[in-house]
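Here is how names work: the chains are called A, B, and so on, in the same order as the sequence lines, proteins then strands, and each is numbered from 1.
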Amino acid sequence: MTSETTSDLPTTFDPADIEARWYEHWETSGLFRPERPSAEPFTIVNPPPNVTGSLHIGHALDNTLQDIVVRHERLKGKDALWVVGVDHAGIATQMVVERQMAERGEKRTDYSREQFVEKVWEWKEQSGGTITRQLRRLGCSMDWSREQFTMDPHFSKAVTRTFVQLYNDGLIYRDKRLVNWDPALKTAISDLEVETRDVQGHFWRFRYPLADGTTLDHPDFAGQDYIEVATTRPETMLADMAVAVHPSDERYRSVVGKHIVLPITGRRIPIVADEHADPELGSGAVKITPGHDFNDFEVGKRAGIAPADMLNMLDADAAVVQTADGKVPNELVGLDRFEARKRVVAMLKDSSHLVLHVTENDGERIEHEAEPRTIATPFGDRGGVVIEPWLTDQWYVDAQKLAKAPIEAVREGDVEIVPKSWEKTFFNWMENIQPWCVSRQLWWGHRIPAWYGSNGEVFVAETEEEAYELARHSGASRNPEGGAELDPGLRRGDEIKLSRDPDVLDTWFSSALWPFATLGWPEGPTPNPSLQEKERDLPSDSEASRSEVGASDLLAKHYPNDLLISGFDILFFWDARMMMMGRHLTGENPWKRLYLHGLVRAADGSKMSKSKGNVVDPLGLIDRYGADALRFFMAAMESQGRDIKMDESRVEGYRNFATKLWNATRFCQSQGISASDTIAAPPARLAANQWIVGEVAKTVNALDKALAELRFDAAANLVYHFAWDRFCDWYLELIKPVFAGEADSPAAIETRAVAGWALDQILVMLHPFMPFITEELWAKQGAMTGKSRADYPIITAKWPDPQASVNDEAVAAIDWVIALTTATRAARNELGISPGAKLAAFIPNPSAVAAQVFERSSAAIERLARLTPVTIGEAPEGPAMQVTAGEDVVVIPLEGVVDIAAEKARLEKALAASRKEAKSLEGRLGNPKFVEKAKPEAVEKARADHAHHSAEADRLEAALARLG
RNA sequence: GGGCGUAUAGCUCAGUGGUAGAGCACUGUGUUGACAUCGCAGGGGUCGGAAGUUCAACUCUUCCUACGCCCA
């Protein structure tokens with residue numbers, strides 16, 4: 001505790017202490033969402049982090065930006081709601097729990113599905129709260145009282161409802177198609193979850209013998225009894241079903257419709273004409289494996305092969321299985337895909353069906369089995385293994401239809417994407433969107449509400465009872481045997497036996513409902529009990545009446561949301577899907593604006609990743625510099641459309657900024673400057689006070705504009721420079737002389753009021769960026785008055801509204817003082833004159849501004865410029881230093897002190913600069929085209945600048961002349 | 001191959017059709033009882049390259065180069 005001042009603030013502040021104290025207070029006092037029933041709503045939903053997640057630097061950025069917006073809106077008096085929660089993260093969570101089981105030597109399949117899911121819930125209870133605790137350390141003011149989880153009962157209900165509705169609307173269907181199969185996780189994944197990476201692979205060439213004695217008749221291959229094909233995946237030849245050639249390829253025209261007898265399997269397959277074959281590539285003929293390649297699947301369909309008839313040669317582990325036609329040699333069955341690849345190549349080599357790749361080295365012929373080649377290979381972003389295109393039955397969402405409304409919304413400007421440059425990417429993806437595979441072969445997640453009859457009929461319903469109801473009404477197949485073959489766990493209803501689809505839904509399917517399901521859609525979270533009763537009596541298919549009755553106040557008030565802030569990396573995964581679901585299910589766009597920010601990169605610009613070991617832990621930064629400094633860094637660096645490169649020295653700089661503000665407040669307290677009690681600026685007569693009031697007004701306006709445009713960097717810098725440069729460096733210095741006099745003089749009373757008010761405005765404006773230190777200082781300022789601010793914390797204070805305008809005279813006066821001070825300091829510095837030495841000054845013909853300043857603010861001149869006394873009139877003859885301020889020249893005699901040569905050099909340098917400027921402007925003004933064509937304001941400004949610089953040059957010339 | 005983005009002071013980044021700024025780093029210096037996590041002063045940039053539009057281009061257009069990202 002310091003005793004040097006009346007302030008009870010320690011000389012340095014301890015962020016850790018302040019942060020823990022205030023967060024706890026805010027949360028327990030319900031200040032993150034105060035009761036404001038009649039206030040205008042403002043709503044943001046937080047991109048739900050994975051329940052398995054822990055806070056990384058990207059979360060820190062994303063949540064800091066959201067918190068800035070939410071705190072700003074809350075300060076502006078809105079009913080600001082920031083919805084928070086976590087995502088059940090199907091694959092990731094199941095992996096975590098399975099890994100734990102593996103450590104105990106157990107497997108998922110040692111348990112029943114129900115038991116396993118129970119284990120996951122147990123894990124969630126124990127370890128699932130990591131990231132929510134960490135978000136608190138960042139100071140994020142979300143509404144924890146309504147924390148959400150995508151597996152919560154009400155949310156699960158919304159997911160089920162959605163699936164059923166989309167199914168009934170014909171927007172969800174079951175289809176046999178190729179999916180991206182992850183053999184490690186044994187589940188289908190969406191195309192977005194596939195990461196294509198270049199890997200070193202090989203390109204093999206095979207001879208496929210023509211059947212029935214056919215030969216090629218083209219001169220290039222006359223008499224050849226085989227067709228050459230090439231592949232990067234030889235093992236798939238076991239399931240080849242055709243060879244394709246381009247329809248216009250003369251070389252193969254004669255054999256289209258003829259057949260090939262495949263080596264190894266002996267399968268007889270047709271030669272088909274298809275545009276997919278590229279005549280320029282290799283031999284121009286390609287092997288077609290419709291069951292294991294996306295392009296080949298399409299070729300196969302065009303060739304008349306139904307998906308159900310496409311041959312499959314791999315199991316869920318990507319090991320070889322017998323094909324439907326039974327032609328795969330037994331020695332290959334059961335081999336892993338990569339082992340099978342080796343074996344197939346060896347077999348083809350042995351049977352002379354392999355075309356060797358020949359290179360020359362120093363004239364020596366070298367034979368290789370294949371040509372080395374870089375191959376774009378799909379990997380699962382979770383499992384990390386090569387993805388296998390696999391033919392399965394899966395559930396698909398008709399994304400193409402759902403995408404229409406969102407595309408329109410963005411095009412019409414109903415949803416604004418910020419920065420706008422992302423619109424093109426959005427359109428490009430949405431316009432070429434593929435069916436969205438939403439089923440996952442997992443146990444953890446929302447189980448698909450589809451039941452199958454014994455003949456494969458599908459019944460989609462919200463409950464099993466409803467499914468049976470549907471089945472009965474549909475006249476579904478009866479099961480006269482009584483269902484003896486059914487699993488014992490299955491329910492039986494009458495003579496109909498249904499079994500539920502074992503799969504769960506893609507996690508993004510549920511998170512797509514986040515903006516409205518978190519607010520109670522389709523029911524309300526607190527519906528009127530009587531209405532609830534009534535609802536139960538409603539027929540289950542009465543969609544419209546149900547949602548009308550169930551719609552909560554919360555949903556009505558906070559949906560659509562105002563804004564969504566997310567990283568651009570989840571634009572397709574999540575943002576676009578929210579738009580699709582929102583539009584279809586609620587008829588509304590989920591939010592009015594979408595702000596996309598970039599990635600936080602390592603200091604060298606590379607992507608942070610655990611494997612590279614260059615991950616910066618935000619919690620470590622908070623430990624070292626405080627949450628406020630980290631947040632301010634994030635805001636100051638967030639310019640639209642650019643990634644953020646980690647720069648710890650900047651975080652440190654913003655920690656210093658916090659210290660600066662801390663000490664400025666200590667100074668204020670030492671002078672008896674305390675909390676303000678008005679929103680409006682206090683009345684002021686002193687120039688410095690009038691000036692700072694105007695500066696506050698300007699800053700608030702600019703800050704509101706920057707925040708409205710989501711220019712976080714501009715907003716942060718405005719507050720930073722106002723607080724440091726204007727308030728600390730000038731205003732506090734300007735008012736210090738006032739406190740040297742009578743403590744209860746009118747000037748001192750006015751200044752304390754204005755300074756206290758201005759400091760409060762800084763704290764409020766800075767609060768969204770640095771919530772902790774501002775709350776602490778706000779409280780301490782309140783304590784200064786003897787009247788606690790416990791009932792009026794800054795988090796729910798009022799946003800500045802100075803109700804005052806800029807006083808031009810005050811601005812001119814203070815600008816002049818600043819100009820004189822700066823010029824004098826610079827001159828002293830250059831001439832090596834002690835900065836502290838007080839010097840007498842003379843001003844022969846003061847301008848109006850100068851005269852006024854000397855009359856009203858001579859103490860400030862004495863203190864800042866260290867000039868005293870200042871005499872209006874000619875300086876005595878002799879060596880002197882001369883400085884200019886505005887239109888004035890101030891002569892500072894320095895008998896025996898000043899080095900005339902140095903002063904001359906200094907003035908000459910300044911003169912040269914002024915002349916250069918003046919000359920350049922003169923040139924421009926002398927150009928008739930400029931005067932004629934340029935905007936009048938530009939010409940006017942050039943004239944004014946020219947006048948200024950030539951006058952300045954004249955003054956400097958006169959000053960030089962005075963020196964002789 | 002298609003699309004997008006970025007190239008501005010040693011480093012990290014703002015910026016506007018009228019002649020360039022911040023933070024950090026650097027140099028010099030420390031006067032007033034808030035602050036050395038500070039103050040004051042200063043040095044430093046042909047705004048990636050070329051061409052064009054314009055009275056005027058760092059800013060707009062085209063091309064080129066480099067790097068990054070997304071999609072195929």
Side-chain angles (χ1 to χ4, degrees), chain A residues 2 4-5 7 9 11-13 191-192 196 294-295 376 419 421-429 432 568-569 571-572 598-599 601 603-607 625-626 629 633 636-671 673 711 713-714 716-717 720-721 724-725 728-729 732-733 736-737 739-740 821-830 832-838 862-866 916-917 920-921 923-935 937-939 941-942 945:
Chain A
T2 54
E4 61 183 8
T5 69
S7 166
L9 287 170
T11 41
T12 54
F13 80 112
D191 48 359
L192 285 176
T196 307
F294 287 100
N295 287 318
S421 53
W422 282 104
E423 280 186 3
K424 208 161 183 172
T425 309
F426 173 81
F427 288 136
N428 194 275
W429 187 73
N432 297 295
F568 67 75
D569 52 328
L571 172 61
F572 304 142
L599 267 44
R601 297 177 165 277
D604 63 356
S606 65
K607 218 168 166 173
Y625 304 106
F633 164 77
M637 297 305 286
E638 175 55 26
S639 60
Q640 295 180 358
R642 189 193 260 272
D643 286 345
I644 292 179
K645 237 181 265 188
M646 195 58 226
D647 182 359
E648 199 165 320
S649 72
R650 273 191 105 123
V651 183
E652 187 183 354
Y654 294 127
R655 190 272 319 266
N656 294 352
F657 172 59
T659 305
K660 182 75 181 175
L661 189 69
W662 184 270
N663 281 304
T665 307
R666 288 182 64 235
F667 168 74
C668 286
Q669 300 208 335
S670 74
Q671 302 304 326
I673 294 163
R711 288 307 310 249
D713 56 342
N717 284 319
Y720 180 97
H721 286 114
W724 199 320
D725 302 346
C728 291
D729 287 349
L732 290 184
E733 296 305 321
K736 275 178 182 175
F739 298 118
T821 304
T822 306
T824 309
R825 284 170 176 169
R828 283 171 191 265
N829 203 292
E830 269 184 83
I833 294 161
S834 161
K838 294 201 174 173
E862 177 180 346
R863 188 176 185 97
L864 298 182
R866 315 286 297 167
K916 194 182 160 202
E917 282 295 320
S920 152
L921 287 158
R924 205 186 316 166
L925 287 162
N927 180 350
K929 285 184 176 171
F930 171 70
V931 183
E932 198 179 304
K933 296 195 177 180
K935 284 176 295 185
E937 310 91 86
V939 178
K941 183 172 183 302
D945 288 353

Asker: Evaluate side chain to side chain contact (heavy atoms under 4.5 Å, CB included) for A/Thr665 paired with A/Trp662, printing each intermediate quantity in order.
Answerer: CA-CA 5 Å; A/Thr665 307; A/Trp662 184 270; 5.9 Å; no
Asker: Could you pull out all residues at least two apart from A/Phe572 that satisfy ring-ring contact (aromatic ring centres under 6.0 Å, His included)?
Answerer: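 Result, ring-ring contact (aromatic ring centres under 6.0 Å, His included) vs A/Phe572: A/Trp429.
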Asker: How do A/Phe568 and A/Gly836 order along RNA chain B: which one's closest nucleotide is nearer the 5' end?
Answerer: A/Gly836
Asker: How many whole angstroms separate atom CZ of A/Arg601 from atom C1' of B/U6?
Answerer: 11 Å
Asker: Pick out the pairs of N or O atoms, protein on one side and nucleotides 40-48 of chain B on the other, that lie under 3.5 Å.
Answerer:
unit_1, atom_1, unit_2, atom_2, d
B/C40, O3', A/Arg825, NH1, 3.4

Asker: If we ignore hydrogens and angles and just use 3.5 Å, is the side chain of A/Arg828 paired with the main-chain N or O of A/Ala837 as donor and acceptor?
Answerer: yes
Asker: So what does A/Gly653 hit on the nucleic acid, given a heavy-atom distance under 4.0 Å: a base, only sugar-phosphate, or nothing?
Answerer: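 Nothing: the residue A/Gly653, judged by heavy atoms under 4.0 Å, touches no strand.
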Asker: Parallel, tilted or perpendicular: which one describes the rings of A/Phe657 and A/Tyr720, with boundaries at 30° and 60°?
Answerer: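 The rings of A/Phe657 and A/Tyr720 sit tilted, inter-plane angle from 30° to 60°.
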Asker: Pick the P atom in B/G21 and in B/G42, then give their distance to the nearest Å.
Answerer: 13 Å
Asker: Can you tell me how far P of B/U19 sits from CG of A/Asn927, to the nearest Å?
Answerer: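 In whole Å, B/U19 P and A/Asn927 CG are 16 Å from each other.
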Asker: Can you tell me which stems RNA chain B forms, taking runs of 3 or more consecutive Watson-Crick or G-U pairs with both distances under 3.5 Å?
Answerer: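 Detected stem regions: B:1-7 with B:65-71, B:10-13 with B:21-24, B:26-30 with B:38-42, B:48-52 with B:60-64.
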Asker: Enumerate the residue pairs fulfilling side chain to side chain donor-acceptor pair (under 3.5 Å) with a member in residues 638-648 of chain A, sequence neighbours excluded, ordered by first and then second residue.
Answerer: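 Only A/Tyr595-A/Glu638, A/Arg601-A/Asp643, A/Arg624-A/Glu648, A/Tyr625-A/Glu648, A/Asp647-A/Ser649 qualify under side chain to side chain donor-acceptor pair (under 3.5 Å).
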Asker: Taking the C1' atom in each of B/G44 and B/C24, what is the distance between them to the nearest angstrom?
Answerer: 14 Å
Asker: May I have the distance from A/Asp945 (atom CG) to B/A56 (atom P), rounded to whole angstrom?
Answerer: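 About 20 Å, once rounded to whole Å.
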Asker: Looking at every strand, decide which applies to A/Glu733 at a 4.0 Å heavy-atom threshold: base, sugar-phosphate, or nothing.
Answerer: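 Base contact.
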Asker: Using the C1' atom in both, what is the distance from B/A7 to B/C64, to the nearest Å?
Answerer: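 Roughly 14 Å separates the two C1' atoms.
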Asker: Start with the C-alpha gap between A/Trp724 and A/Leu661, add the side-chain angles, then the distance that decides, and say whether side chain to side chain contact (heavy atoms under 4.5 Å, CB included) holds.
Answerer: CA-CA 8 Å; A/Trp724 199 320; A/Leu661 189 69; over 6 Å; no
Asker: Check every strand shown and say whether A/Cys728 touches a base, only sugar-phosphate, or nothing at a heavy-atom separation below 4.0 Å.
Answerer: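 Result for A/Cys728 = base.
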Asker: With rounding to whole Å, what would you report as the distance between B/C4 and B/G17 at their P atoms?
Answerer: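 It comes out at 22 Å once rounded to the nearest Å.
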Asker: CE of A/Met637 to CZ of A/Arg650: how many Å apart, nearest 0.5 Å?
Answerer: 4.5 Å
Asker: One pair to check against side chain to side chain contact (heavy atoms under 4.5 Å, CB included): A/Asp729 and A/Lys660. What are the steps and the verdict?
Answerer: CA-CA 10 Å; A/Asp729 287 349; A/Lys660 182 75 181 175; 4.2 Å; yes
Asker: Measuring to OP1 and OP2 of B/A34, would you say a side-chain N or O of A/Lys736 lies under 4.0 angstrom away?
Answerer: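 It does, given that an N or O in the side chain of A/Lys736 lies less than 4.0 Å from OP1 or OP2 of B/A34.
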Asker: Would you measure the distance from the C1' atom in B/U31 across to the matching atom in B/C38 and give it in whole Å?
Answerer: 14 Å
Asker: Take the protein atom CG of A/Leu921 and the nucleotide atom C1' of B/U19, then report the distance between them rounded to whole Å.
Answerer: 9 Å
Asker: Taking atom C1' of B/U6 as reference, at what distance in whole Å does atom CG of A/Leu599 sit?
Answerer: 14 Å
Asker: For nucleotides 1-4 of chain B, print each protein N/O atom paired with a nucleotide N/O atom at under 3.5 Å, atom names and distance only.
Answerer:
unit_1, atom_1, unit_2, atom_2, d
B/C4, OP1, A/Lys424, NZ, 2.9

Asker: Assuming nearest nucleotide by heavy-atom distance, tell me which of A/Lys929 and A/Phe572 is located more 5' along RNA chain B.
Answerer: A/Lys929
Asker: Which whole number of Å gives the distance between the C1' atom of B/C58 and that of B/G15?
Answerer: 9 Å
Asker: NA contact type, A/Tyr654, heavy-atom cut-off 4.0 Å: base, sugar-phosphate, or nothing?
Answerer: nothing
Asker: Using atom CG of A/Asn663 as one end and atom P of B/A34 as the other, report the distance to the nearest whole Å.
Answerer: 10 Å
Asker: With rounding to the closest Å, how many angstrom separate the P atoms on B/C60 and B/A66?
Answerer: 23 Å
Asker: Just by distance, do the side chain of A/Asn432 and the backbone of A/Asn428 share a donor-acceptor pair under 3.5 Å?
Answerer: yes
Asker: Sugar-phosphate atoms are those with a prime plus P, OP1 and OP2; base atoms are the rest. Using that split, label each nucleotide of nucleotides 11-18 of chain B B, S or - for protein heavy atoms under 4.0 Å, 5' to 3'.
Answerer: -BSSS--B
Asker: Just how far is it from atom CG of A/Leu864 to atom CZ of A/Arg825, taken to the nearest 0.5 Å?
Answerer: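 It is 6.0 Å, given to the nearest 0.5 Å.
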Asker: Quick one: do A/Glu917 and A/Asp945 satisfy side chain to side chain contact (heavy atoms under 4.5 Å, CB included)? Show the steps, please.
Answerer: CA-CA 9 Å; A/Glu917 282 295 320; A/Asp945 288 353; over 6 Å; no
Asker: Any salt bridge linking A/Lys929 with A/Glu932? Criterion: basic side-chain nitrogen under 4.0 Å from a carboxylate oxygen.
Answerer: no
Asker: Could you measure the distance from the OG1 atom of A/Thr659 to the CZ atom of A/Arg666? Nearest 0.5 Å is fine.
Answerer: 11.0 Å
Asker: A/Ile833 CD1 to B/G30 P: how many Å, rounded?
Answerer: 14 Å
Asker: Could you state the atom-to-atom distance from NZ of A/Lys660 to P of B/A34 in whole Å?
Answerer: 11 Å
Asker: Taking atom P in both B/A9 and B/C70, compute the distance separating them and give it to the nearest angstrom.
Answerer: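 These two P atoms come out 27 Å apart once rounded.
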Asker: Would you please classify the geometry between the A/Phe667 ring and the A/Phe739 ring as parallel, tilted or perpendicular, with 30° and 60° separating the classes?
Answerer: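 Taking A/Phe667 first and then A/Phe739, their aromatic rings stand perpendicular (interplane angle over 60°).
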Asker: Find the distance between CD (A/Gln671) and CG (A/Leu732) and round it off to the nearest 0.5 Å.
Answerer: 9.5 Å
